Amino acid sequence: MRLVIARCSVDYIGRLRAHLPLATRLLMVKADGSVLIHSDGGSYKPLNWMSPPATLHVTEPDEAANEAGVAEVWNVQHAKSDDRLVISIHEHLHELSHDLGMDPGLVKDGVEADLQRLLAEQIHTLGEGYTLIRREYMTAIGPVDILARDAEGRTVAVELKRRGDIDGVEQLTRYLELLNRDPLLAPVRGVFAAQQIKPQARVLATDRGIECLTLDYDAMRGVDDVDARLF
């Protein structure tokens, strides 16, 4: 893990174009090749990023950039697309590198972890013809609970909660934005699954084209026989 605090401007060049003007920011370079740009605000969400696989090359600025005060240029190129992140560094303020080693990953406790395991085992709950790609599909901003393919071979990202609220929909929205940058996965649609989904969260999810799915935990565990119910 390499952490650099620097005065920089940032340009994302690809299917989408974005520009961050000159400011002091935290640049995070991870061992998996991802690069994230953070400000001192906005919670944990980066201002912009490049997901792995990607390569970082540091070059000298051209004459015009040098006259504008640029000391060095980071070119972050995605390995599977033409997307590129260009970071123009004007001043290094602080730098730290440390080997974090292998991480065991997020371990969810209680019902939420059980829901993830059960839904992976009963992936047909999402619909006929669904197949599991994997649980805990890692992205640069965290793991997607379940990644699957529907009957037509399209990628589906599933976010699981015990109680689904607006924060969960926002989290899935960020995952979808990132996953849809990967040409091997795109287009990716989302499913927000929970035992209970708040009305506001359902409205927001529907507005963003995200499907909502209410899960019956007892039925999935085999404790409650849905077919034997009177009502």
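One is the number of the first residue; the rest follow in order along the sequence. For clarity, every value in this text was computed on a predicted model and none was experimentally measured. Heavy-atom basis, side chains included; hydrogens, waters and symmetry copies ignored.
The hydrophobic clustering, which links ILVMFWY residues whose side-chain heavy atoms are closer than 4.5 Å, places Leu172 and Leu213 apart. Linking ILVMFWY residues whenever their side-chain heavy atoms come closer than 4.5 Å, directly or via other members, leaves Val191 and Leu147 in distinct clusters. Cluster annotation: Leu26 is connected to Trp49 through the hydrophobic network of ILVMFWY side chains, with a link wherever side-chain heavy atoms come within less than 4.5 Å. Neither Val58 nor Val73 shares a network with the other; the hydrophobic side chains, linked directly or stepwise wherever heavy atoms of I, L, V, M, F, W or Y lie under 4.5 Å apart, form separate groups for each. A continuous path of hydrophobic side-chain contacts links Leu132 to Val156 [ILVMFWY only; heavy atoms under 4.5 Å].
Between Ile89 and Cys8 the shortest side-chain heavy-atom distance falls below 4.5 Å. Inter-residue side-chain proximity for Arg189 and Asp150 is flagged as met; some heavy-atom pair is nearer than 4.5 Å. You'll find the side chain of Lys80 reaches within 4.5 Å of the side chain of Leu184, heavy atoms only. Side-chain contact between Ile166 and Lys198 is absent, with no heavy-atom pair separated by less than 4.5 Å. Side-chain contact check for Ser34 versus Ser51: every heavy-atom pair is 4.5 Å or farther apart. No side-chain heavy atom of Leu215 sits less than 4.5 Å from a side-chain heavy atom of Leu118.
To the nearest 0.5 Å, the span separating OG1 on Thr139 from CG on Asp182 amounts to 11.0 Å. Atom CE of Met220 sits about 5.0 Å away from atom OG1 of Thr125, to the nearest 0.5 Å. Taking CG of Leu47 as the start and CZ of Arg25 as the end, the distance is 6.0 Å to the nearest 0.5 Å. With rounding to the nearest 0.5 angstrom, the NE2 atom of His90 is 11.5 Å from the CD atom of Glu72. The CD atom of Gln196 lies 15.0 Å from the NZ atom of Lys161; values are rounded to the nearest 0.5 Å. With rounding to the nearest 0.5 angstrom, the CG atom of Leu126 is 14.0 Å from the CZ atom of Arg149.
Within a 6.0 Å radius of CG in Leu16, other residues, nucleotides and ligands contribute 12 heavy atoms or fewer.
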(request) Evaluate the side chain to side chain contact (heavy atoms under 4.5 Å, CB included) criterion for residues Asn180 and Arg15: first the C-alpha distance (whole Å), next the side-chain angles of each, then the deciding distance (0.1 Å), finally the verdict. (result) CA-CA 11 Å; Asn180 273 301; Arg15 286 164 293 174; over 6 Å; no
(message) Please determine whether side chain to side chain contact (heavy atoms under 4.5 Å, CB included) holds for the pair Leu204 and Thr173, giving the CA-CA distance in whole Å, both sets of side-chain angles, and the decisive distance to 0.1 Å.
(response) CA-CA 10 Å; Leu204 180 62; Thr173 300; over 6 Å; no
(request) Might you work through the side chain to side chain contact (heavy atoms under 4.5 Å, CB included) test for His38 and Met28, ending with a clear yes or no? (result) CA-CA 8 Å; His38 287 271; Met28 182 182 298; 4.2 Å; yes
(message) Run the side chain to side chain contact (heavy atoms under 4.5 Å, CB included) test on His78 and Arg181 for me, step by step, so that the C-alpha distance in whole Å, both residues' side-chain angles and the decisive distance to 0.1 Å come before the verdict.
(response) CA-CA 10 Å; His78 196 275; Arg181 292 186 182 183; over 6 Å; no
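For the pair Phe192 and Ile197, the tightest heavy-atom approach, listed with the atom from each and the gap, is O-CD1, 3.7 Å. Of all the heavy atoms in Ala201 and Val169, the pair that sits closest is O-CG2, 3.6 Å. Nearest heavy atoms, Arg163 versus Ala194: C-CB, 4.3 Å. Between Val70 and Pro61, the closest heavy-atom pair is O-CG, 3.2 Å. Closest of all the heavy-atom pairs between Leu85 and Tyr12 is CD1-CD1, 3.4 Å. The nearest pair of heavy atoms linking Ala71 to Glu60 is O-OE1, 4.2 Å.
Here the side chain of Asp145 pairs a donor or acceptor atom with the backbone of Leu160 at under 3.5 angstrom. Looking at Glu136, its side chain never comes within 3.5 Å of a backbone N or O of Ile146 through a donor-acceptor pair. Not a single donor-acceptor pair under 3.5 Å links the side chain of His98 to the backbone N or O of Leu100. Listed for the Asp165 side chain is a donor-acceptor partner under 3.5 Å among the backbone atoms of Gly168.
Between Glu121 and Arg135 there is no salt bridge, since none of the side-chain N atoms of the basic residue sits less than 4.0 Å from a carboxylate O of the acidic one.
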